[in-house]
Each structure stands twice: as C-alpha cells, then as structure tokens.
Amino acid sequence: MTVGALDEIQDETMAVLSGLLVEGQRVALVDFPNHENSGDALIFLGQSRYLDRLGVHVDYIADGSRYNPAHLRALVPNGPILIQGGGNFGDRWEYMQALRERVVSDFPERQIIQLPQGIDFQEGPLLQQAQAVLNAHPDLTLLIRDHNGVRRTRELFPSANVLFCPDMAFGYGEVDGRRGHLDVVVLRRNDSESLEGNERFNMHPVESHIDLDWGLRGLRKFFDKLLHIPGAITKRIPVLAIPLYPVQRRAYVAIASNNVRQAVAILGKGRLIVTNRLHATVLAALMGKPVIAMDNANGKISAIIGDYLGRMPGVHYAPSVKEAEALVDSYFD
C-alpha cells in the first residue's frame, strides 16, 4: 500500500492538533464510544495515537453515562477538555449532542476542544438550543472534518473557533489486510443515516459475498460483556469511580480494540468491500483493500472522499446502488 496519502492526512491532522495542544499537557476526554460501533472505536484509537505522538496525557476518560464533572475536576484540575470525534454533532443523535452541550455548560472556565466531527443540524429548537449553549462559551474550538461542514459551522456558531481537521480514524495507521476468501463483503448501515433502506445488492456475477453490519459476535461479544464489569460497578457505586479509574481506563481501551478487531475480521473476509459506512471505507483503505463507498443521508461520505479520503489508493465512490453494482461488475470482469 502506498503510504503517501496516509502520511499527508496524518501530517495535516498533527499540524492542527499541535496548534491547540502542547507536549506534556494533561487533558480530559469525554464521550468515549461505549457501544458496538467499530467506526467510533477506530476514531477513539486513532485519537489516542495522535495524542500519544503529541505527548499529551489523557488523565480522564468517560462515556456519556459515566461522565461526572466532579470526577473530571478531581483527575484533571486544569487543562483542556476534549470531546470525542465522530459523526454525532447535530440533532440526529440527540443523546450525544445533549452530552456535548452539558460539558460545554459545565465548564465555562476551561478550554474545550471538540475533536473532528461532521455537522448535521436541521432548523428548529434543537439547533437554537445548541447555538445558545455553544456560542456562549468563551474558549470553544470546533474541529470539523469536511470543508463544507466548516463553512456551515462557522455560520451557525460564529463565537467558536472553527477549524478544518481530517477525521481522526486515520491516526490508527496501516492495518494488515489479508486476502479474503469471499469475493465481496457488503457492510452497510440500516439506521437513520442509510439511504438504501432494505434494498438488496445484485451480486449475480460474484461467486461469494456476505451482507451485514457492524456488531460483535461470538467470543468477542462475551469478552465485551466482561470488559463492561468495571463500568457497571462504578455506575452503581460512584464513590469507587476515582479509585477504580485506572481499571476503567484500561477497560475502555480494550473495548475499543475489541470492536476494531471485529471490524478487521469482517472486512478481512472480502477481496472487495462495498459499504455505506464512512469508517468501513476508512478501515478498508487502511487495510489496503479496494472499497466501493456509497453515501449516507447527510452526505458525509461523499464530502470526505472529495476532501481527502479519495486520495487513498483503491477508494471508489458510487452515487447509487446501481452504480455500485456496476463498479463491482467491472472489478470482476
């Protein structure tokens, strides 16, 4: 795999981060993705590698249900508060947006950096609420992972420092991608961001394929349940949250790693990947696998492919299922 494009993306990201954070700084990170979405786990681990390269120490990590301002202040009395990157900045995923606004409101005196997100707001009361909260903060940086999103974010949140920064999943780096035993792996979302609904793919010229989504299976599912035990204890007995924090932190890293290993196992089965998930596209590219990517409901995949993901070798964009099928046909001609 040619690493020139990946190096460029990583260097661009490091340049942005180094303008906001300094070596030796101690920070907090809120909104750990404590769920079975391998893409969010890939972002978390990519973020961690970027911060390690910068020499920044993350002394507090919490998911939404375990976020506690008093615990954060105890473990990180000073310094920036980082909010997990991803694709939930907006009104589509209300729980994550509510957490973001809570953190901003809880810490008006601290520097807050929203790590790279895609913006997805419609006009209405949720947008108005977000504008009231975010525009009131005196030291808020919003990193946005596509150029169109940067322009819209600057219009909606003029008080914030809005900067372009590539998606942090690229910080994970190259992945050993073995040649799969199936011709095609179709990995696609079936939630509110999907454009295809239940439309099936015609894989007639293909000898073998599977069609599925993210999610833990088998022993990885069992392992995930074990890894959630520390969090369950600290949620039931909050007084143990700080003493058990080192255990919880290791559990978070293991949860994310388990999710990414599952994703690598899924994509590793295919010689060609077809997907409408952004981070399946990113991971396939990191694995050196050819990938045909379709858009999602808010256009984030086409935007990011146009801005930088399209530089990665083997990444192809299909505006529709029919065009994806045609690209599959041409691949196996």
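Values reported hereafter were calculated over all heavy atoms of this structure, with side chains retained and with hydrogens, waters and symmetry mates removed.
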Engineer: Can a donor-acceptor pair be found, under 3.5 Å and without considering hydrogens, that links the side chain of His137 to the backbone of Ser159?
Structural biologist: no
Engineer: Quick check against the 3.5 Å criterion: does Asp307 have a side-chain atom that pairs as donor or acceptor with the backbone of His147?
Structural biologist: yes
Engineer: Indicate the atoms forming the closest heavy-atom contact of Thr234 with Ala241, along with that distance.
Structural biologist: CG2-CA, 3.8 Å
Engineer: Could you measure the distance from the NE2 atom of His316 to the CD1 atom of Ile305? Nearest 0.5 Å is fine.
Structural biologist: 10.5 Å
Engineer: Could you go step by step and tell me if Gln10 and Arg53 meet the side-chain contact (heavy atoms from CB on, under 4.5 Å) rule?
Structural biologist: CA-CA 11 Å; Gln10 291 182 343; Arg53 287 174 62 184; 3.8 Å; yes
Engineer: Grab the two heavy atoms, one from Ile301 and one from Asn276, that are nearest each other, plus how far apart they are.
Structural biologist: CD1-O, 3.0 Å
Engineer: If every non-hydrogen atom of Ala5 is compared with every non-hydrogen atom of Met312, which pair is closest and at what distance?
Structural biologist: CB-SD, 4.0 Å
Engineer: How far apart are the closest heavy atoms of Ala74 and Ile242, and which atoms are they?
Structural biologist: CB-CD1, 3.7 Å
Engineer: Check the pair Val282, Asp167 against side-chain contact (heavy atoms from CB on, under 4.5 Å), reporting the backbone distance first and the verdict last.
Structural biologist: CA-CA 9 Å; Val282 173; Asp167 188 288; 5.5 Å; no
Engineer: Could you please spell out the steps behind the side-chain contact (heavy atoms from CB on, under 4.5 Å) verdict for Val133 and Arg102?
Structural biologist: CA-CA 9 Å; Val133 173; Arg102 182 183 169 195; over 6 Å; no
Engineer: To the nearest 0.5 Å, what is the distance between CG (Leu156) and CG (Leu134)?
Structural biologist: 10.5 Å
Engineer: I'd like to know if the side chain of Arg110 and the backbone of Ile81 have a donor-acceptor N/O pair within less than 3.5 Å.
Structural biologist: no
Engineer: Identify which one of Leu115, Leu140, Leu99, Ile112 satisfies the side chain to side chain contact (heavy atoms under 4.5 Å, CB included) criterion when paired with Ile83.
Structural biologist: Ile112
Engineer: Tell me whether Ile266 shares a hydrophobic cluster with Leu216, the cluster being built from Ile, Leu, Val, Met, Phe, Trp, Tyr side chains joined at under 4.5 Å.
Structural biologist: no
Engineer: Look up atom CE in Met287 and atom CD in Glu174, then write down how far apart they are to the nearest 0.5 Å.
Structural biologist: 12.0 Å
Engineer: Side chains of Gln114 and Ile144: closer than 4.5 Å at any heavy-atom pair?
Structural biologist: no
Engineer: Please report the shortest heavy-atom distance between Ala263 and Trp214, naming the atom on each side.
Structural biologist: CB-CZ3, 3.3 Å
Engineer: Which atoms form the tightest heavy-atom contact between Ile43 and Gly85, and what is the distance?
Structural biologist: CG2-O, 3.8 Å
Engineer: I need the Ser38 OG to Leu187 CG distance, nearest 0.5 Å.
Structural biologist: 8.5 Å
Engineer: Are Ile229 and Phe223 linked, directly or through intermediate hydrophobic residues, by side-chain heavy-atom contacts shorter than 4.5 Å (ILVMFWY only)?
Structural biologist: no
Engineer: Once you measure the plane-to-plane angle for Phe121 and Phe157, does it fall in the parallel (<30°), tilted (30-60°) or perpendicular (>60°) bin?
Structural biologist: tilted
Engineer: Could you tell me whether the side chain of Lys269 and the main chain of Val185 form a donor-acceptor pair under 3.5 Å?
Structural biologist: no
Engineer: For the pair Tyr308 (side chain) and Asp146 (backbone), establish whether a donor and an acceptor sit closer than 3.5 Å, ignoring hydrogens and angles.
Structural biologist: no
Engineer: Is Leu212 reachable from Val260 through a run of I, L, V, M, F, W or Y residues, each pair having side-chain heavy atoms under 4.5 Å apart?
Structural biologist: yes
Engineer: Is there a side-chain contact between Tyr60 and Arg26 in this structure, where contact means two heavy atoms from C-beta onward sitting under 4.5 Å apart?
Structural biologist: no
Engineer: Does the side chain of Gln117 come under 3.5 Å of the side chain of Asn88 through a donor N or O and an acceptor N or O?
Structural biologist: yes
Engineer: I'd like to know if the side chain of Asp31 and the backbone of Gln84 have a donor-acceptor N/O pair within less than 3.5 Å.
Structural biologist: no
Engineer: Could you check if a side-chain atom of Asp120 sits within less than 4.5 angstrom of a side-chain atom of Lys300, using non-hydrogen atoms only?
Structural biologist: no
Engineer: Please answer whether the main-chain N or O of Leu143 pairs with a side-chain N or O of Arg145 as donor and acceptor at a distance below 3.5 Å.
Structural biologist: no
Engineer: Do Ile255 and Asp224 come within less than 4.5 Å of each other through their side chains, counting heavy atoms only?
Structural biologist: yes
Engineer: Could you tell me the separation between the CD atom of Gln111 and the CG atom of Asn78, rounded to the nearest 0.5 Å?
Structural biologist: 12.0 Å
Engineer: Flag the pair Asp213 and Arg277 as a salt bridge only when some basic side-chain nitrogen lies within less than 4.0 angstrom of an acidic carboxylate oxygen.
Structural biologist: yes
Engineer: Going by heavy atoms in the side chains, are Pro230 and Arg250 under 4.5 Å from each other?
Structural biologist: no
Engineer: Are any non-hydrogen side-chain atoms of Leu51 and Leu21 less than 4.5 angstrom apart?
Structural biologist: yes
Engineer: Are Met14 and Val27 joined in one hydrophobic group, where the rule is that I, L, V, M, F, W and Y side chains link up if heavy atoms are under 4.5 Å apart?
Structural biologist: yes
Engineer: Please determine whether residues Leu163 and Tyr50 belong to a single hydrophobic cluster, defined as Ile, Leu, Val, Met, Phe, Trp and Tyr linked transitively by side-chain heavy-atom distances below 4.5 Å.
Structural biologist: yes
Engineer: Are the side chains of Met168 and Leu17 in touch, meaning some heavy atoms are under 4.5 Å apart?
Structural biologist: yes
Engineer: After noting the C-alpha distance and the side-chain angles of Asn37 and His279, does the key distance pass the side-chain hydrogen bond (donor to acceptor under 3.5 Å, both in side chains) rule?
Structural biologist: CA-CA 10 Å; Asn37 184 311; His279 291 97; 6.0 Å; no
Engineer: Taking atom CD of Glu109 as the centre, does the number of heavy atoms from other residues, nucleotides or ligands within less than 6.0 Å exceed 12?
Structural biologist: yes
Engineer: Is the closest side-chain heavy-atom distance between Phe170 and Thr13 below 4.5 Å?
Structural biologist: no
Engineer: Show the numbers, then the answer: is there a side-chain contact (heavy atoms from CB on, under 4.5 Å) between Tyr331 and Ile292?
Structural biologist: CA-CA 10 Å; Tyr331 183 81; Ile292 298 168; 5.6 Å; no
Engineer: What distance separates Glu12 CD from Glu8 CD, expressed to the nearest 0.5 Å?
Structural biologist: 8.5 Å
Engineer: Verify, without hydrogens or angle tests, whether Asn258 (side chain) and Arg220 (backbone) share a donor-acceptor contact under 3.5 angstrom.
Structural biologist: yes
Engineer: For atom CZ of Phe222, is the number of surrounding heavy atoms from other residues, nucleotides or ligands below 6.0 Å larger than 12?
Structural biologist: no
Engineer: Of Thr281, Val264, Val175, which is the lone residue that meets side chain to side chain contact (heavy atoms under 4.5 Å, CB included) with Leu286?
Structural biologist: Val175
Engineer: List in chain and number order the residues that pass ring pair (Phe, Tyr, Trp, His ring centres under 6.0 Å) with Tyr252, two or more places apart in sequence or in another chain; answer none if no residue qualifies.
Structural biologist: Phe32
